[in-house]
S.K.: 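Quick one: this structure, given as structure tokens, is what I'll be asking you about.
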Amino acid sequence: MASVAATPARTPNGPGPGEASASFPTVASVPGPQEPEEEGEEEPAEIHLCVLWNSGYLGIAYYDTSDSTIHFMPDAPDHESLKLLQRVLDEINPRSVVTSAKQDENMTRFLGKLASQEHREPKRPEIIFLPSVDFGLEISKQRLLSGNYSFIPDSMTTTEKILFLSSIIPFDCLLMVRALGGLLKFLGRRRIGVELEEYNVSVPILGFKKFVLTNLVSIDQDTYSVLQIFKSESHPSVYKVASGLKEGLSLFGILNRCRCKWGEKLLRLWFTRPTQDLGELNSRLDVIQFFLLPQNLDMAQMLHRLLGHIKNVPLILKRMKLSHTRVSDWQVLYKTVYSALGLRDACRSLPQSIQLFQDIAQEFSDDLHHIASLIGKVVDFEGSLAENRFTVLPNIDPEIDEKKRRLMGLPSFLTEVARKELENLDSRIPSCSVIYIPLIGFLLSIPRLPSMVETSDFEIEGLDFMFLSEEKLHYRSARTKELDALLGDLHCDIRDQETLLMHQLQCQVLARAAVLTRVLDLASRLDVLLALASAARDYGYSRPRYSPQLLGVRIQNGRHPLMELCARTFVPNSAECGRDIGRVKVITGPNSSGKSIYLKQQVAKAVNNATERSLVLVDEFGKGTNTVDGLALLAAVIRHWLALGPTCPHVFVATNFLSLVHLQLLPQGPLVQYLTMETCEDGDDLVFFYQVCEGVARASHASHTATQAGLPEKLIARGKQVSDLIRSGKPIKPVQELLKEKQMENCQTLVDKFLKLDLEDPSLDLDIFMSQEVLPAATTIL
């Protein structure tokens with residue numbers, strides 16, 4: 001309870017003017033250093049997807065609560081099995097899937113299968129059916145055009161608004177428009193993100209973005225796991241157990257040096273949505289190569305520092321839209337905008353031939369300076385932190401300044417009022433205070449006397465008793481009522497007027513939300529490319545070169561990015577696969593010779609989905625099943641691809657099935673190339689060079705690998721013996737020495753039991769001992 005108070009006190013001889021005092025109560029400490037706070041806790045992001053399928057085409061739109069943005073995908077053809085839709089679901093993991101209750105059997109079958117996936121990670125989506133009328137074309141257009149969007153200035157006419165939206169949303173994609181209409185209907189009905197707000201508060205929509213899956217490399221989830229592109233581990237901190245996982249040793253983990261959260265999000269998106277667009281790839285590589293130059297290192301570090309201040313702008317804009325803005329939001333936004341201006345000024349000094357630098361230099365417009373100037377001139381950050389609410393600087397509003405001046409002068413004024421009140425009170429009352437409480441007004445406060453026991457004892461002539469608090473009695477007097485009429489509720493008036501100014505400032509910022517969104521997009525892109533440049537510098541990566549004429553892969557001294565960080569020594573290897581020669585490579589070699597590191601992959605959906613432009617990596621396929629069956633399966637899969645001829649995918653196979661080659665299970669021809677891992681026998685030792693060369697391994701050298709693993713020599717010798725018996729077709733008999741050793745152990749155990757018997761023990765039952773101990777042991781001895 002905030003208040004101001006003035007307290008004169010009586011001495012034993014009467015009032016003491018020199019002892020009258022005035023004071024403000026201590027304000028509770030408010031968290032918030034001079035540096036801006038982080039954005040604070042965020043609700044888990046949810047994605048709500050709306051999809052329509054008709055005549056072989058998909059219409060898709062989804063709402064992302066993390067940035068309050070609607071993403072749409074123009075009408076795209078899809079197979080009856082809805083592979084494209086499945087890919088979208090795998091990528092965005094929606095919380096709910098909204099569609100029309102009127103569907104054909106393909107979509108019905110697909111959704112039924114989706115709903116039955118109880119073990120789907122992270123969680124199977126909720127399937128929601130809306131009446132087909134909610135997806136009507138005209139009503140969907142009406143919902144889109146009549147929406148309340150903060151990124152559209154209020155000054156726009158209806159015609160201008162239609163033209164503006166038409167420049168963003170392709171209204172000729174009819175299925176997509178209907179999906180957007182159904183999504184808006186769902187958001188309004190479920191009130192996503194505004195469930196607890198007043199009904200007139202609409203779901204915040206801060207922008208529309210195009211979502212495409214064209215020119216992308218298709219990678220299934222198994223590949224991401226096996227190649228360790230991503231690897232999630234439980235977080236070690238006890239404070240983050242509930243929040244889930246952290247990134248383990250993975251390709252994403254070693255490359256993620258992003259300074260802002262949205263840069264990290266974009267890097268993950270690039271990994272999950274790798275592009276085939278050579279123009280886009282070379283544009284990214286141009287930026288990375290620029291920052292790899294030694295003379296540009298200082299610039300890269302300076303830009304990275306600025307990017308560390310780019311915070312979660314969409315979350316702040318969402319709070320502004322809902323009028324939930326915090327003091328820390330203004331601080332964060334202020335620093336974000338000024339950092340963006342620093343990025344703009346820096347990029348203007350860089351080569352404008354690089355598209356990203358040109359975009360930042362041009363698109364970080366003067367609207368940013370206007371936003372920063374407004375915030376800097378209006379918001380009193382120090383006062384806001386002290387009062388834990390929005391306050392404005394002096395000279396912004398003369399009326400507010402006058403009320404604050406009067407409020408600040410209250411203590412000395414109230415001291416005089418309290419002194420006069422004390423003169424009219426009973427002489428037994430030693431002191432009194434005149435305090436001001438927001439929403440209540442001015443009150444006279446006196447200490448509770450020992451004689452004041454019952455409520456009736458609180459009554460004082462000429463005063464209206466209000467309440468008792470902390471042994472203080474509070475009253476209204478004639479003077480306090482005059483003060484209420486004269487001064488009014490100053491504190492609440494000031495708060496209301498400053499809240500109105502905050503709302504006006506929010507409107508100014510929201511009107512320029514488009515440039516802030518663009519800042520986040522370009523800053524995130526710069527952040528990712530700086531992170532990749534930093535990793536490339538530290539790990540010695542080289543720029544890849546793309547050639548439309550080379551239909552294959554050519555790698556010179558390639559290195560496994562994770563294994564080279566873990567191994568004490570790492571040997572690079574080259575690989576080439578293209579056109580009609582060596583499209584299928586069969587790699588044999590001893591265990592632990594490096595075959596798996598050379599490939600690091602397993603078969604996953606490759607047979608059904610691989611094309612002539614696919615790269616298939618197969619590691620130890622057929623392992624874990626019957627040897628003959630595994631060998632047969634592997635041979636059948638490779639023969640299937642070889643039968644495709646020139647349309648055969650590029651295949652690398654690592655296997656220990658040497659019979660695949662020795663028994664000539666694969667057809668001969670230029671499409672097949674046999675490789676092995678180079679080794680050298682030095683007496684009984686086997687030396688690994690971890691180098692790929694042409695040829696076929698003569699043996700798996702499993703016994704040598706077992707010796708390196710520390711297995712006992714007797715066990716290894718027995719393994720060799722059994723292996724030789726199998727190859728020669730002879731029967732395998734148990735080892736007699738091992739049987740004799742076991743018999744002796746059992747005999748000794750039985751003797752020990754006899755020696756421990758106490759024949760004088762009256763509770764001993766020899767019949768039970770013989771039947772339960774001796775007779776069962778005899779079967780293992782004889």
S.K.: Is there a donor-acceptor pair under 3.5 Å between the side chain of Glu91 and the backbone N or O of Leu89?
M.R.: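 No: the side chain of Glu91 does not pair with the backbone of Leu89.
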S.K.: Any ion pair linking Glu399 and Lys403 (charged N to carboxylate O, less than 4.0 Å)?
M.R.: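 Here Lys403 pairs with Glu399 in a salt bridge, since their nearest N and O are under 4.0 Å apart.
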S.K.: If you define the side chain from C-beta out and look only at heavy atoms, does anything of Leu341 sit under 4.5 Å from Phe364?
M.R.: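 SC-SC contact between Leu341 and Phe364 ruled out.
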S.K.: Do Lys265 and Ser66 have side-chain atoms, one donor and one acceptor, less than 3.5 Å apart?
M.R.: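 Present: a donor and an acceptor within the cut-off.
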S.K.: Could you check whether Asp134 pairs with Arg189 (Lys NZ or Arg NE/NH1/NH2 to Asp/Glu carboxylate O, under 4.0 Å)?
M.R.: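 Judged by the 4.0 Å cut-off on N to carboxylate O distance, Asp134 and Arg189 do form a salt bridge.
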S.K.: May I ask you to test the Thr480-Tyr475 pair for a side-chain heavy-atom distance under 4.5 Å?
M.R.: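 Side chain of Thr480 against side chain of Tyr475, heavy atoms only: no contact under 4.5 Å found.
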S.K.: Is any side-chain heavy atom of Met320 closer than 4.5 Å to one of Ile316?
M.R.: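 Yes - at least one pair of side-chain heavy atoms lies under 4.5 Å apart.
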S.K.: Can you list every ring-ring contact (aromatic ring centres under 6.0 Å, His included) pair that touches residues 313-347, not counting sequence neighbours?
M.R.: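 For residues 313-347: Trp330-Phe390, Tyr334-Tyr338, Tyr334-Phe381.
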S.K.: Could you please spell out the steps behind the salt bridge (Lys or Arg N to Asp or Glu O under 4.0 Å) verdict for Glu482 and Arg479?
M.R.: CA-CA 5 Å; Glu482 289 178 12; Arg479 284 190 176 90; over 6 Å; no
S.K.: Would you say Thr65's side chain and Ala45's backbone share a donor-acceptor pair under 3.5 angstrom?
M.R.: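 Answer holds: no.
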S.K.: More than 12 non-hydrogen atoms from neighbouring residues, nucleotides or ligands closer than 6.0 Å to NE2 on His369, yes or no?
M.R.: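 Open.
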S.K.: Should Leu505 and Leu374 count as side-chain neighbours, where that means a heavy-atom distance under 4.5 Å?
M.R.: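 A side-chain contact exists here, since the closest heavy-atom pair is under 4.5 Å.
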S.K.: I'd like to know whether CD of Glu470 has more than 12 heavy-atom contacts from other residues, nucleotides or ligands below 6.0 angstrom.
M.R.: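 Atom CD in Glu470 is not crowded, with 12 or fewer foreign heavy atoms closer than 6.0 Å.
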S.K.: Which pairs of donor and acceptor atoms, one on a side chain in residues 442-451, lie under 3.5 Å apart (sequence neighbours left out)?
M.R.:
residue	atom	partner	partner atom	Å
Arg448	NE	Met452	O	3.0
Arg448	NH2	Met452	O	3.3
Arg448	NH2	Val453	O	3.4

S.K.: Using only atom types and a distance under 3.5 Å, with no angle test, would you say the side chain of Thr336 pairs donor to acceptor with the backbone of His309?
M.R.: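 Present.
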S.K.: Taking Asp484 for the side chain and Lys481 for the main chain, is one N or O donor matched with an acceptor at less than 3.5 Å?
M.R.: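 Not at all, since once roles are kept as given, no pair shorter than 3.5 Å links the two residues.
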S.K.: Is a salt bridge present between Glu416 and Arg419, judged by a nitrogen-to-oxygen distance below 4.0 Å?
M.R.: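 Looking at Arg419 together with Glu416, the answer is yes, because their closest N to O distance falls below 4.0 Å.
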S.K.: Under 4.5 Å between any side-chain heavy atoms of Phe208 and Leu144, yes or no?
M.R.: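 Side-chain contact under 4.5 Å: yes.
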S.K.: I want to check something: taking the side chain as every heavy atom from C-beta on, are Lys209 and Asp64 in contact at a cut-off of under 4.5 Å?
M.R.: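 The answer is no, as the side chains (C-beta and beyond) never meet within the 4.5 Å cut-off.
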S.K.: Please name the pair of heavy atoms, one in Arg191 and one in Tyr199, separated by the smallest distance, quoted to 0.1 Å.
M.R.: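 Arg191 and Tyr199 have their closest heavy atoms at NH1-O, 3.4 Å.
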S.K.: Below 4.5 Å, heavy atoms only, C-beta onward: do Ile360 and Leu526 meet side chain to side chain?
M.R.: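 SC-SC contact between Ile360 and Leu526 confirmed.
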S.K.: Who passes side chain to side chain donor-acceptor pair (under 3.5 Å) against Gln508, sequence neighbours left out?
M.R.: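 Gln508 satisfies side chain to side chain donor-acceptor pair (under 3.5 Å) with Arg512 once adjacent residues are dropped.
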S.K.: So Ser202 and Val194, do their side chains get closer than 4.5 Å, heavy atoms only?
M.R.: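 A side-chain contact under 4.5 Å is absent here.
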S.K.: Using a 3.5 Å distance criterion without hydrogens, assess whether the side chain of Ser534 forms a donor-acceptor pair with backbone atoms of Leu530.
M.R.: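 No: the side chain of Ser534 does not pair with the backbone of Leu530.
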